[in-house]
Amino acid sequence: MTQVAIRDALSGQIAAGETVTVRGWVRTRRDSKAGLSFVNVSDGSCFDPIQVVAPASLANYEDEVSHLTAGCAVIATGTLVASQGKGQSFELQADTVEVVGWVEDPETYPIQPKPHTMEFLREVAHLRPRTNIFGAITRVRHCMAQAIHRYFHENGYCWVNTPIITTSDAEGAGQMFRVSTLDLANLPRTADGAIDFREDFFGREAFLTVSGQLNVEGYCLALSKVYTFGPTFRAENSNTSRHLAEFWMVEPEIAFADLAATADVAESFLKYVCKAILDERGDDMAFFAQRVDKQAIARLEAIVSTPFERIDYGAAVEILKRAPKTFDFPVEWGMDLQTEHERYLCEQHVRGPVVVTDYPEQIKAFYMRMNDDGRTVAAMDVLAPGIGEIIGGSQREERLDRLDARMVQFGLDPADYQWYRDFRRYGTVPHSGFGLGFERLLVHVCGLTNIRDAIPYPRVPGSAEF
RNA sequence: UCCCGAGUAGCUCAGCCGGUUAGAGCACCUGACUGUUAAUCAGGGGGUCGUCAGUUCGAGUCUGACCUCGGGAGCCA
């Protein structure tokens, strides 16, 4: 008797006739008067459950097997055989079915063998991994994460774990969560009545990170090719289907690389990850294409096979101005591109992925490198059909005087960024990188509509349950 | 945060112009059915109509406030 993953039992890796044990949770049970029950059991190792054929001759058939309902935990041992029925290649002819855990009240068990709305499943986020769709999302999410690490590892990048807690309070990427051990009911005060953060845990104000980029630049300027992949926190009060207060971000940073080189990395990176999902999670993607979004697979294939076009912001504005389409927001040089503009560019004009580069300096962050024209910075966005912006990146300003000027222009005090400025004082080199919202990519890979379904336990304003 | 919309059985929903005992499908329970595929068929149990207040002879239905959820906007990844 061998304990096996259902994935292996169904894939043909195990010879028919072998005696095997599977362990998992009941999805459905169908009884036949022929004297047997069909119990579909899932262990999450693949999309499909295995059909356990339980004969009425089992000792516990009357008392237990015939009362199994969705969610019951079972261990089934028997012979793996080619299925007599349609719908599956192999099935398990059970010799024993041990019930490990019953469902207390089948009628009120939230995960029923029927379609549920995503809204309802969010209310039972601790149980939703037991559904087909969240099993699939979870496996694709894992596949994506592994592919990301593999891509960088194979290309000579070092994974750098930048801090979750930061004391840079003005990275310009949004509102931050405070980290403090002060007694809120009894705050220490300075002479002028302000809160005395010298009494706080770190001896100064501290927050949760909104980006690892500034920190990772230091490692980039020593290890040449690095990336971060970890949780990120934004305290913005945004209540949308595209925002989380806690999400995961991927941020590669490359030394001696200009913007064009980073755009090439972004393209090969996305192609690699999307191809890995197609190769490794065909079962789950087939489900998304069938039940969630018909375009799910075609969209991934398009990213893998279509070369990304590159245009600069100025050209994009000209294209949009001449577009035979009226936009809600009129296009003018100097303004940020709206979602409708981005979608037109990649879906109507290019009809494929496009990298837009060199944006007006006033709409981009302080650390982006000023171009020679003095009015644009070396920034890029990767836009994909049906997805919109999936990557934002830039070449970093490596010249100290220019960087200081940008900080002042953005109302930041260079004195607060001494360690960041050091990178430009000691052996500065051109370098660049980009950021990818992990859940946003996952939403679009799976064809989901709400980012709260792309992370196991979503944290959003007013809600951090489970 | 702003603008819309929605809260009725475990889930998804119907419930007309305010009027008798609030319905359906699925799920669950019982039974039937010779290998089923979200099986099928018959029967059964299951409700503080989001909360609070108000209008009315009478409120699931009308009004107000609040709560929760969803869609859109802003901000962004």
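Note that the structure is a prediction, hence the values are computed from the model and not measured. Order of the sequence lines sets the chain letters (A, B, ...), proteins ahead of strands, with each chain counted from 1.
U34(B): no Watson-Crick or G-U partner with both key distances under 3.5 Å is found in any strand. In this structure, U20(B) forms no base pair with any nucleotide, since neither Watson-Crick nor G-U wobble geometry is met with both distances under 3.5 Å. Across all strands shown, G64(B) forms a Watson-Crick or G-U wobble pair with C52(B), both key distances being under 3.5 Å. Summarising the base pairing, C11(B) is matched to G25(B) through a Watson-Crick or G-U wobble pair whose two defining distances lie under 3.5 Å. Remark: C69(B) base-pairs with G5(B); criterion is Watson-Crick or G-U wobble with both hydrogen-bond distances under 3.5 Å.
When the side-chain nitrogen and oxygen atoms of Gln338(A) are compared with OP1 and OP2 of G74(B), one or more of them lie within a distance under 4.0 Å. Listed pair Arg30(A) / U36(B) fails the phosphate criterion, with no side-chain N or O lying under 4.0 Å from OP1 or OP2. Here Arg122(A) reaches the OP1 or OP2 of G70(B): one of its side-chain N or O atoms lies under 4.0 Å away. Of the side-chain N and O atoms in Arg452(A), none sit less than 4.0 angstrom from OP1 or OP2 of C69(B). For Thr117(A), a side-chain nitrogen or oxygen approaches OP1 or OP2 of U12(B) to under 4.0 Å. When the side-chain nitrogen and oxygen atoms of Asn239(A) are compared with OP1 and OP2 of C2(B), none of them lie within a distance under 4.0 Å. The side chain of Thr240(A) contributes no N or O atom lying less than 4.0 Å from OP1 or OP2 of G71(B). In terms of phosphate contacts, Ser32(A) brings no side-chain nitrogen or oxygen within less than 4.0 Å of OP1 or OP2 of U36(B).
Look at Asp358(A) and Arg310(A) and you find no salt bridge, because none of the NZ, NE, NH1 or NH2 atoms lies under 4.0 Å from a carboxylate O. With respect to the salt-bridge test (charged N to carboxylate O, under 4.0 angstrom), the residues Arg122(A) and Asp453(A) qualify.
No option in Ile297(A), Ile133(A), Leu300(A) other than Ile133(A) meets the side-chain contact (heavy atoms from CB on, under 4.5 Å) test with Phe288(A).
Nucleic acid contact for Thr69(A): sugar-phosphate only, since backbone atoms but no base atoms lie under 4.0 Å from a heavy atom of the residue. Using a 4.0 Å heavy-atom criterion, one finds that His116(A) contacts the sugar-phosphate atoms exclusively. Using a 4.0 Å heavy-atom criterion, one finds that Leu441(A) contacts no nucleic acid atom at all. Within 4.0 Å of Gln88(A), counting heavy atoms only, lies at least one base atom of the nucleic acid.
Separating the P atom of G23(B) from that of C16(B) is a span of 14 Å, rounded to the nearest Å. For the C1' atom pair drawn from G5(B) and G19(B), the interatomic distance equals 29 Å after rounding to whole Å. Between the P atoms of C62(B) and G47(B), the separation comes to 25 Å (whole Å). Separating the C1' atom of U8(B) from that of G72(B) is a span of 27 Å, rounded to the nearest Å. Only the P atoms considered, G15(B) is 15 Å distant from G50(B), to the nearest whole Å. The same atom, C1', is picked in U56(B) and in U61(B); the two are 13 Å apart, to the nearest Å. Atom C1' of C28(B) sits at a distance of 26 Å from the matching atom of C69(B), rounded to the whole Å. Atom name C1', nucleotides G64(B) and A59(B): the rounded distance is 15 Å, in whole Å.
Counted by atom type alone, Tyr219(A) and Thr162(A) present zero donor-acceptor pairs between their side chains at under 3.5 Å. For the residue pair Thr228(A) / Glu251(A), a side-chain donor-acceptor distance below 3.5 Å is found, with atom types taken as modelled. A donor atom on one side chain and an acceptor atom on the other are not found under 3.5 Å apart for Glu217(A) and Tyr367(A). Side-chain N/O atoms of Tyr457(A) and His126(A) include no donor and acceptor closer than 3.5 Å.
Here the side chain of Phe120(A) is nearest to one of U34(B), U12(B), G71(B), namely U12(B). When distances are taken from the side chain of Glu91(A) to each of C75(B), A27(B), U36(B), the shortest belongs to U36(B).
Separating the NZ atom of Lys364(A) from the P atom of C75(B) is a distance of 12 Å, rounded to the nearest angstrom. If you measure from atom CD of Gln51(A) to atom C1' of A39(B), you get 11 Å, rounded to the nearest angstrom. Distance, Asp31(A) CG to U34(B) P: 13 Å, rounded to whole Å. If you measure from atom NZ of Lys114(A) to atom P of A9(B), you get 12 Å, rounded to the nearest angstrom. We find that CD of Gln112(A) is positioned 5 Å from C1' of G10(B), with the value rounded to whole Å. Between Asn237(A) atom CG and C2(B) atom C1' the separation is 11 Å, expressed in whole Å. For the pair Ile451(A) CD1 and C76(B) P, the interatomic distance rounds to 16 Å; values are reported in whole Å. Between the CE atom of Met335(A) and the P atom of C75(B) there is a distance of 10 Å, given to the nearest Å.
Checking Pro106(A) against Ile391(A), the closest nucleotide of RNA chain B that is more toward the 5' end is the one next to Pro106(A). Position along RNA chain B of the nearest nucleotide to Phe247(A) versus Thr28(A) favours Thr28(A) as the more 5'-ward residue.
Glycosidic torsion of C17(B) falls within 90° of 0, placing the base in syn.
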Exercise for the section: Begin with the C-alpha distance, continue with both residues' side-chain angles, and end with the deciding distance and a verdict on side chain to side chain donor-acceptor pair (under 3.5 Å) for Ser32(A) and Arg30(A). Expected result: CA-CA 7 Å; Ser32(A) 164; Arg30(A) 295 175 295 278; over 6 Å; no
